[in-house]
Each structure stands twice: as C-alpha cells, then as structure tokens.
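Order of the sequence lines fixes the chain letters, A, B, ..., with proteins taken first and strands second; residue numbering starts at 1 for each chain. Just so you know, these numbers come straight off a predicted model, no measurement behind them.
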2 protein chains.
Amino acid sequence: MRIGELSERTGTPRRLLRYYEEQGLIAADRAANGYREYDERFVDRVLQIRGLLDAGLPTRIIKQILPCLDKPRTIYFPDATPQMLATLRHEQDRMSERIRCLTRNRDAIGEYLDAVLDYQHAGNKETPDHHSRPPEPAAD
Amino acid sequence: MRIGELSERTGTPRRLLRYYEEQGLIAADRAANGYREYDERFVDRVLQIRGLLDAGLPTRIIKQILPCLDKPRTIYFPDATPQMLATLRHEQDRMSERIRCLTRNRDAIGEYLDAVLDYQHAGNKETPDHHSRPPEPAAD
DNA sequence: CTTGACCTTCACATCAATGTGAAGGTTTCA
DNA sequence: TGAAACCTTCACATTGATGTGAAGGTCAAG
C-alpha cells in the first residue's frame with residue numbers, strides 16, 4: 001500500500017509517516033516512480049510507534065527498542081552489544097516507573113469519580129450554577 | 001523552604017518549578033521579600049508532576065487531574081461539572097491505554113533479554129568485534 | 001490531453017518543555 | 001562594607017513532535 005492508505009489505516013498524518021522514516025523508525029520500499037510502498041506489517045508497527053510516543057518515549061529510544069520486538073526475530077542475539085543490553089534494561093526500568101505513575105494516578109482518578117458517584121447517589125443535587133444535566137433521565 | 005531546596009529535593013531545575021507555577025500546576029506562597037515559599041507537600045507534588053509529564057501527559061491535562069488527587073479533598077463534589085467528569089473519564093481511558101502499551105512493550109523487551117541470556121548461557125560467545133565483557137565475573 | 005487525486009522533496013511555522021543568561025534585589029557571613 | 005549565594009523577572013534559544021504549504025512529478029479516468 002502507499003502512504004495515503006497507511007495514513008488512513010493508522011490515523012496518522014502522512015507528514016508523520018515520513019518523519020518516522022526520517023528518524024529511522026520505519027523503512028519503506030520505493031516503487032519505480034519513487035512512491036513509498038508499505039506492506040501489512042507497517043500498520044501494527046506504526047500503531048506501536050504512536051502508542052510509545054504517546055506514552056512519552058522519544059523517537060530516539062523507540063528506534064532502539066523496536067528491533068527487539070519483531071516476532072520473527074530480525075535482530076540476532078550475537079549482535080547485541082553489552083551497552084545495548086544495558087540501554088534496554090534501563091528503558092525497561094523507566095517504562096516500569098511510568099506504568100507505576102500512570103496506574104497510581106489513574107486509580108486515584110477512579111477513586112475520585114467513585115466518590116462523586118456516591119455523593120450524587122446519596123441524593124445531592126449538582127451545583128445549580130454549573131448548568132448541569134441529570135445523569136440519567138430515568139426513561140419515563 | 002525556598003525554590004533552591006525544592007529544586008534539589010526533587011531534582012528539578014528552578015526554571016521548571018517557575019514554569020509549573022506559570023502553568024497553574026503549583027501555587028507558591030510568597031515571603032515578604034518576594035521569594036517563593038514552599039511547604040513539604042510540594043516535594044511529592046512536584047515529583048508527581050514530573051512523573052506524569054514523563055509519562056506523556058501535557059501540563060494542561062495534569063492541571064485538570066491534579067486537584068482530584070489530594071488526600072484531604074480540596075475539590076468538593078458539587079463543584080464537579082459534568083464535562084469535567086467526562087474529561088476525567090476520558091483521561092482515565094487514555095492512561096489505561098498508555099499503561100497497556102507500555103506493559104506490552106516492556107514485557108516484550110523482557111522476553112528479548114531473556115532470550116539473549118539463554119543464548120549466552122548456551123555457551124555462545126558474543127560478537128568478538130563489539131568489545132564485549134563477561135556478564136558476570138563469577139566472583140573468583 | 002486535461003483534470004483531479006495521488007505522490008515527491010523542501011522549507012518554514014508552531015507548540016510545549018526546557019536551557020540559559022542578563023539585570024537586579026536580598027540575605028548571610030567575614 | 002563587600003563578596004557569595006541566594007532570589008526575582010524578562011527574554012531569547014533550542015529540541016522534538018507536529019502543522020502547513022509550495023513546487024512539481026505520476027497516474028487513472030473522462
């Protein structure tokens with residue numbers, strides 16, 4: 001497929017697909033006319049990249065961890081230098097730290113939402129100033 | 001404490017502490033001479049902000065979720081507008097998505113590292129070109 | 001052959017987070 | 001009093017991830 005289709009299927013602007021390529025995250029084949037040519041595997045790959053970017057990893061790091069994630073291993077163990085392994089372990093730790101932080105805060109939001117729900121179920125009205133809407137019209 | 005101590009205790013440049021204040025994430029008291037004055041609670045607060053920033057949340061969002069996270073509730077339930085609750089739920093979902101992505105990729109890194117370990121334990125030498133170092137000197 | 005929908009590269013703009021430094025006030029200590 | 005180590009605001013620079021548009025090549029359909 002060409003860049004337009006990959007763009008649609010991943011919800012990613014063409015501009016960014018070219019940017020990811022420039023950063024070494026994906027490498028597209030070229031058709032005779034110079035157009036980029038992608039196969040199916042790029043859909044997941046791009047979604048993975050976007051997820052990691054959204055989770056706070058910079059392209060420089062994503063570039064390093066992506067090759068280890070291929071199902072049929074494209075990177076062979078003998079190629080793993082000690083400092084590359086150290087980098088991977090370090091990033092693993094950072095990711096765990098992010099997960100902890102996100103989990104803790106997400107759960108705290110959940111607790112707050114639950115408390116609000118309790119409060120409202122206890123028969124309290126919402127603030128009248130903040131144009132409010134009944135949570136459930138209760139299907140008359 | 002003043003900004004220098006908070007900076008040291010949180011590992012955060014003074015510049016950024018002022019930036020977070022400018023963005024409405026923290027509000028410092030002022031001493032008579034204009035110096036910012038922080039109490040103990042700011043240490044955790046700043047670390048929390050940094051964690052969320054590192055996990056990919058922008059200050060604009062952090063500002064919205066922070067007030068819900070205080071232990072003695074500083075935000076009262078009646079103040080919660082429906083659209084604010086919707087925002088919270090939406091961010092909760094985004095955080096869960098980030099957690100899923102990070103977890104999946106972190107575990108995949110783990111699998112790769114385990115595979116490398118297996119490979120090396122199986123008696124294979126690392127690439128001789130990449131100046132390598134024995135994983136464990138094995139305490140002679 | 002022309003039009004429209006693709007594609008290419010190049011380049012400049014923006015936004016948020018952060019770095020850095022200038023110019024100047026305050027506090028502390030010798 | 002003067003130097004050192006704080007603090008203030010203001011402002012410009014940088015970096016990474018993006019937006020946007022220009023100038024032009026390709027290709028399928030009318």
Problem set entry | 4.5 Å side-chain heavy-atom contact, A:T103 and B:M95 | no
Exercise. Are any side-chain N or O atoms of A:E37 and backbone N or O atoms of A:M1, one a donor and one an acceptor, separated by less than 3.5 Å?
Worked result: yes
For this session: Side chain of A:P13 only, please: which of D:dG19, C:dG19, D:dT8 is the nearest?
Result: D:dG19
Exercise. Does D:dT8 have OP1 or OP2 sitting under 4.0 Å from an N or O in the side chain of B:R18?
Worked result: yes
Exercise. Starting at the 5' end of DNA chain C and moving along, which residue's nearest nucleotide shows up first, A:E21 or B:R50?
Worked result: A:E21
Exercise. So does A:Y19 reach the base of D:dG19 with its side chain, donor to acceptor, closer than 3.5 Å?
Worked result: no
Exercise. If only side-chain N and O atoms of A:T59 are considered, is one of them under 4.0 Å from the OP1 or OP2 phosphate oxygen of D:dG16?
Worked result: no
Exercise. Touch check for B:R60, heavy atoms < 4.0 angstrom, all strands: base, sugar-phosphate only, or nothing?
Worked result: nothing
For this session: Report yes if a side-chain nitrogen or oxygen of A:Y20 is closer than 4.0 Å to either non-bridging phosphate oxygen (OP1 or OP2) of D:dT18; otherwise report no.
Result: yes
Exercise. Do A:R36 and C:dT8 share a donor-acceptor pair, side chain to base, under 3.5 Å?
Worked result: no
Exercise. When you match B:P58 and A:I3 each to their closest nucleotide on DNA chain C, which lands nearer the 5' end?
Worked result: A:I3
For this session: Mind calculating the distance between OH (B:Y35) and P (C:dT28) to the nearest angstrom?
Result: 9 Å
Problem set entry | Integer-rounded Å distance: C:dT27 P and B:E37 CD | 12 Å
For this session: Would you indicate, yes or no, if C:dG25 has its OP1 or OP2 atom less than 4.0 angstrom from a side-chain nitrogen or oxygen of B:N33?
Result: no
For this session: Check A:D54, A:T59, A:L57, A:I26 against A:I49 for a side-chain contact (heavy atoms from CB on, under 4.5 Å) and give me the one that passes.
Result: A:I26
For this session: Please check if B:Y35 and B:Y20 belong to a single hydrophobic cluster, counting links between Ile, Leu, Val, Met, Phe, Trp and Tyr side chain heavy atoms closer than 4.5 Å.
Result: no
Exercise. Whole Å only: how far is the CG atom of A:L17 from the P atom of C:dT8?
Worked result: 10 Å
Problem set entry | Gap between atoms CZ and C1', on B:R30 and D:dT8 respectively (whole Å) | 8 Å
Seminar exercise, completed: Taken to the nearest whole Å, CZ/A:R2 to P/D:dA28 is 8 Å
Exercise. Between B:L57 (CG) and C:dA17 (C1'), how many Å, whole number?
Worked result: 14 Å
Problem set entry | Within-4.5 Å side-chain heavy-atom neighbours: B:R50 and B:T10 | no
Exercise. Rounding to a whole Å, what distance do you find between B:L16:CG and D:dT9:P?
Worked result: 15 Å
For this session: Take atom CD of A:E5 and atom C1' of C:dC7, then tell me their distance rounded to the nearest Å.
Result: 14 Å
Exercise. Is the distance from OP1 or OP2 of C:dC7 to the nearest side-chain N or O of A:R14 less than 4.0 Å?
Worked result: yes
